[in-house]
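Worksheet for the structure shown next.
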Amino acid sequence: MSLPPLRIPDKPALEGLESKWIPLWEASGVYRFDGSRPRADVYSIDTPPPTVSGSLHVGHVFSYTHTDLVARFQRMRGKAVFYPMGWDDNGLPTERRVQNYYGVRCDPSLPYDPSFVPPAKPEKHPISVSRPNFIELCTRLTVEDEKAFEHLWKHLGLSVDWAMTYATISRAAQRVSQRAFLNLARRGLVYQLEAPTLWDVDFRTAVAQAELEDRERPGAYHRIRFALSDGVSGINPAGNGAAVEIETTRPELIPACVALVAHPDDERYRPLFGQEVVTPLFGARVPVKPHALADPQKGSGIAMICTFGDITDVTWWRELGLPVRAVIQPDGTLGRATWGAAGWESVDSVRAQGYYDQLTGLSAAKAQPVIVSQLRESGDLVGEPRPITHVVKFYEKGDRPLEILTSRQWFVRTMDFRDRLLERGRELEWHPSYMQTRFENWTTGLNGDWCISRQRFFGVPFPVWYPLDAEGRVNYERPLWPSDDQLPVDPSTDTPAGYQAGQRGQPDGFVGDPDIMDTWATSSLTPQIACGWLDDPDRFSRTFPMDLRPQAHDIIRTWLFDSVLRSELEHGTLPWRHAAISGWVLDPDRKKMSKSKGNVVTPMALLEEHGSDGVRYWAAKGAPGTDTAFDPNQMKVGRRLAIKVLNASKFALSVAEPRGTVVAPVDRAVLKKLESVVVEATEAFDAYDYARALQRTETFFWRFCDDYLELVKGRRYGEQGTEGAASANATLSASLSVLLRLFAPFLPFVTEEVWSWWQPGSIHVAPWPKPEELRSRGADHERVEQADESAYDWATQVLFEVRKQRSEAKQPLKVPISGVVIRAGRAELDLMPVVEADLRSALRVRAFELVVGEPRNILVQGYEVDEAPGGSRTGDAEPAP
RNA sequence: GGGCGCUUAGCUCAGUUGGUUAGAGCGCGUGCUUCACACGCACGAGGUCACUGGUUCGAGUCCAGUAGCGCCCACCA
């Protein structure tokens, strides 16, 4: 950057600083990562890639600012900051958007059509396209979003190296994702299993434990009678010698019932263990089993086990070795079933089939009232359903309750590594530290391996094919893997080695795995993707393991946990040393701000209204991990601070001469105070407590403006001669230099602007202030001592007292005070000689009269109200020779 | 049911190892065109530090418990 001329605008303003500096920063490359520096000099950041479909909101602005504060601090400390930006364009939100935008549906069985062009307007009936074509459309749409995002981030002043962007759906990311998967497969750390899986019936895909969400839903307890299957009598609580009653919220699953279960110690049901009961309507004989998870307090104390109603059913089914009788289909409806010899066992298969046919094809919600009336009619419903509110599991993006279906899915071995992951969680430095507990809780509470397959389209495909046998059946036991150098592959289009494309789907041919990976299976590899694990080994060695993972607390269980897992499995290390957890932005009702609530303000509008520095100020006040209220008032305060920086700087720099050394005790005192601010701000930043660093700096700065600048004004204009003016000027420039640098991470635009008035280069690569540099400004720093601070403190007390009395007397400042009598102790009065001239000038006091005595008292004697308005005053602008 | 966090002025929040009279900003009130700044300056009013008990010479700060709010987790028939 060329050396700018020392020129201070007459009316400095914030307007236009963003559009002035963003291009200059880009052109000069101040934020470019220096890939030649050794690992010890690098600070690398695993930026959270925002989801590109949709828009950024104030929550993003908030947390991304936090990361930028740390990045800027580290850069000024001399680190080569590796600060890339990723785009998470891989996943369901994008997929949905593309479907609607272009009017297409993905059909992974179709081959790639290179000549496909989407219609200008979406047509009524969606066009089916191949997966590669679909992904092309996703990419095309997300590129637009990414441009808008980048523009906003730049406007906010993120010091990202824009040459280092990545997209989670890019070929490079797919390659990393598939390679990491293959590595795990080779080591047996992923496996495929036909097993009960959490399933969203609208998206028709499996979902992971981490994506679950509880929602309160209305429901009803149905009390239902199960007849005993033989003549055993007198041992059941119903008292009629023939039946047992269960309670269920899901009567539509009765056809899927495979057993009843009660607690082993429950006296009421103990005699039934080993017996069989007959399901109502369908007449299936099912056993009564004991299991410790059955709660005698719940319902009637005996429950029906269905395949599958909830997660407990899965546990019971697995641990009791029960058969599967699945009724719910992937689309959430009850599927066809045959009762009797050829199908499911029933004591009266004609009756069973009759009832079941009425349910076939209905969704679970629609089937429920039908079966209830069937039960009522058959006399198996005891009493009427009792409405309740209960908690039901949902996919966090879904609209209907999750079902549990048996399907073939890929899993990553997680349970085997739980203890080691807990260890890693303790090695990681958490900011704030209590966030580690969330990780511990989650890891401790894991109850299954990680299901990473999704039956969706826009994502990273599993790099696997399967051979077909002579009958065209899939042989899952002998998967066909690509070689590393083939990656990335799309098995729906690419052909495995040893086969011809025409053999796809043919007997003795092959098929591709139709699934894609869970979006977290790829985004858990952002450190590997960003650092160039496969593409740039040199950069990888200089940036990985990374220094910082910034993220929000709601995705500790997903993104953070999964990243730790993947890094542990692939590299045997933590992916980063620090995790900085941001809070949420809350609206004034203390609820998380969300789009659905309609309370989200466009970030760009905020940046334009309050200035980027003003918005950053608000964000910076949100301490790590703390939820923060959305508060435009704070942005206004930030804007005012930025304006103050402009004006105070203009004052400090407007009179450059005479130059000299810091000799005045008051000047030394200010530098000494600033020195301790530097120490505190640095310590706070080192501990990732940017909010504290800002607060210390800001408090000092306002006092500096209100007291010191006022106190020193007359002297620096020459009222007390050259030496005093020189001392003031030296102090002003020294403290301004330090203050600007302390503010630079928070207010990058205004500090850069002021810096450009008088310093070469960008402030953002200037060295972070050190305490020593302030001491060396004085003639001899050993005189920056206790006595100096007390002189300054005393001066501010006198300032305050006299201002107060002037305010109470409602006297304008232009009216001189004829005299002030100060009664105080000897020690305080001894300080007067070094501050009296400054005070006389700042307060417009003609003379001080000093009296030794107690108690301390400062008293204004009178005002020279007769002086003509606007008249001259003594000592005005006569620089000493 | 388990865990974590929070509760300080009307609002948003500081308050670091316990130590005089508890701080800031916003808002409010009063006054002031002051040669860096009216996008400003000065001054003022405003608090039983959620509650109860304990430790201590001394508690906003430490301990125990209670309540409310928020979040995370849980095998919620």
Side-chain angles (χ1 to χ4, degrees), chain A residues 8 11-14 214 216 219 221-222 246-250 253 260-261 291-295 298-306 309-316 388 390-393 432 434-442 444-445 447 553-554 556-557 583-584 586 588 590-592 611 618 621-623 625-631 633-634 636-637 639-654 680 683-684 687 689 691-692 695-696 698-699 702 705-706 709-710 713 717 799-800 802-815 842 844 870 876-877:
Chain A
I8 304 164
K11 271 268 174 194
L14 297 180
D214 289 346
E216 291 252 326
Y221 277 129
H222 303 75
I246 61 108
E247 289 206 337
T248 180
T249 54
R250 300 205 60 187
L253 291 180
L260 299 189
V261 66
H291 194 282
L293 279 184
D295 183 351
K298 239 165 232 161
S300 60
I302 185 164
M304 71 170 179
I305 302 174
C306 303
D310 62 26
I311 298 173
T312 323
D313 279 344
V314 178
T315 309
W316 282 328
I388 54 155
H390 62 157
V391 180
V392 182
K393 290 223 179 292
Y434 61 75
M435 287 295 177
Q436 196 220 324
T437 336
R438 302 218 181 177
F439 181 88
E440 294 257 333
N441 286 347
W442 171 253
T444 311
N447 56 29
H553 53 66
D554 54 334
I556 288 174
R557 63 175 174 160
W584 279 336
L586 305 177
R590 315 300 302 166
K591 295 283 185 317
K592 185 190 177 188
W618 160 74
K621 295 204 102 179
T626 312
D627 293 344
T628 297
F630 173 70
D631 189 357
N633 252 329
Q634 288 301 316
K636 292 197 178 91
V637 174
R639 183 181 165 78
R640 233 167 288 183
L641 173 64
I643 292 167
K644 197 75 176 174
V645 167
L646 282 178
N647 288 313
S649 302
K650 180 185 167 195
F651 168 75
L653 298 173
S654 60
E680 283 186 272
E683 282 172 2
D689 193 351
R692 187 186 183 81
Q695 192 247 323
R696 291 300 145 119
E698 187 193 8
T699 301
W702 282 110
C705 291
D706 294 346
L709 293 188
E710 293 301 324
K713 200 174 276 181
Y717 284 132
L799 263 185
F800 172 76
V802 176
R803 280 168 172 171
K804 179 172 166 168
Q805 288 175 43
R806 183 192 285 277
S807 184
E808 281 163 357
K810 305 193 174 179
Q811 289 295 336
L813 186 57
K814 67 183 178 197
V815 174
R844 309 236 164 136
D876 199 15

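Just so it is clear: chains get the letters A, B, ... in the order the sequence lines come, proteins before strands, and each one is counted from 1.
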At under 4.0 Å between heavy atoms, what does A/Gly219 touch on the DNA or RNA strands: base, sugar-phosphate, or nothing? nothing

Counting just side-chain N and O atoms, does A/Lys644 come under 4.0 Å of either OP1 or OP2 of B/C41? yes

Tell me, please, which residues at least two apart from A/Gln634 pass side-chain hydrogen bond (donor to acceptor under 3.5 Å, both in side chains). none

Would you indicate what A/Ala294 reaches in the nucleic acid, counting non-hydrogen atoms under 4.0 angstrom: base, sugar-phosphate, or nothing? base

A/Arg639 meets the side-chain hydrogen bond (donor to acceptor under 3.5 Å, both in side chains) criterion, sequence neighbours left out, with A/Glu15

State whether A/His553 places a side-chain N or O below 4.0 Å from either non-bridging phosphate oxygen (OP1 or OP2) of B/C71. no

Classify the nucleic acid contact of A/Glu710 as base, sugar-phosphate or nothing, counting any heavy atom under 4.0 Å across all strands shown. base

According to side-chain hydrogen bond (donor to acceptor under 3.5 Å, both in side chains), who are the partners of A/Trp316, at least two apart in sequence or on a separate chain? A/His291

Inter-residue atom distance A/Thr248.OG1 - A/His222.NE2, 0.5 Å rounding: 8.0 Å

Give me, pair by pair, the N or O atoms of the protein and of nucleotides 2-5 of chain B that are less than 3.5 Å apart, along with how far apart they are.
residue : atom : partner  : partner atom : Å
B/G3    : O2'  : A/Asn441 : ND2          : 3.4

Heavy atoms only, 4.0 Å cut-off, all strands: where does A/Thr249 land among base, sugar-phosphate and nothing? sugar-phosphate

Which residues satisfy the salt bridge (Lys or Arg N to Asp or Glu O under 4.0 Å) test with A/Asp295, sequence neighbours excluded? A/Lys298

Sugar-phosphate, base or nothing in reach of A/Cys705, heavy atoms under 4.0 Å: base

So which protein N/O to nucleotides 28-33 of chain B N/O distances come out below 3.5 Å?
residue : atom : partner  : partner atom : Å
B/U30   : O2'  : A/Lys810 : NZ           : 3.3

At 4.0 Å (heavy atoms only), tell me whether A/Lys621 reaches a base, stays on the sugar-phosphate, or touches nothing. nothing

If you look at every strand shown and take non-hydrogen atoms under 4.0 Å, does A/Asp313 touch a base, only sugar-phosphate, or nothing? nothing

Sequence neighbours left out, what passes salt bridge (Lys or Arg N to Asp or Glu O under 4.0 Å) with A/Lys644? Give chain and number order. none

Partners meeting side-chain hydrogen bond (donor to acceptor under 3.5 Å, both in side chains) with A/Glu440 (sequence neighbours left out): A/Arg426, A/Gln436

A correct 5'-to-3' footprint of nucleotides 60-65 of chain B, with B, S and - meaning base, sugar-phosphate only and no protein heavy atom under 4.0 Å, is ------

So A/Lys636, base contact, sugar-phosphate only, or nothing? Heavy-atom distance under 4.0 Å. nothing

With no angle test and no hydrogens, is the base of B/U16 tied to the side chain of A/Arg692 by a donor-acceptor pair under 3.5 Å? yes

CG/A/Leu293 to OG1/A/Thr312 distance, rounded to the nearest 0.5 angstrom? 7.0 Å

Contacts of A/Glu710 that satisfy side-chain contact (heavy atoms from CB on, under 4.5 Å) - sequence neighbours left out: A/Lys713, A/Arg803

Residues which pass salt bridge (Lys or Arg N to Asp or Glu O under 4.0 Å) with A/Lys636, listed by chain and number, not counting sequence neighbours: none

Looking for any heavy atom pair under 4.0 Å, which part of the strands does A/Thr315 touch: base, sugar-phosphate only, or nothing? nothing

Give me the stems containing RNA chain B, sorted by first residue, counting only three or more consecutive Watson-Crick or G-U pairs with both distances under 3.5 Å; say none if there aren't any. B:1-7 with B:67-73, B:10-13 with B:23-26, B:28-32 with B:40-44, B:50-54 with B:62-66

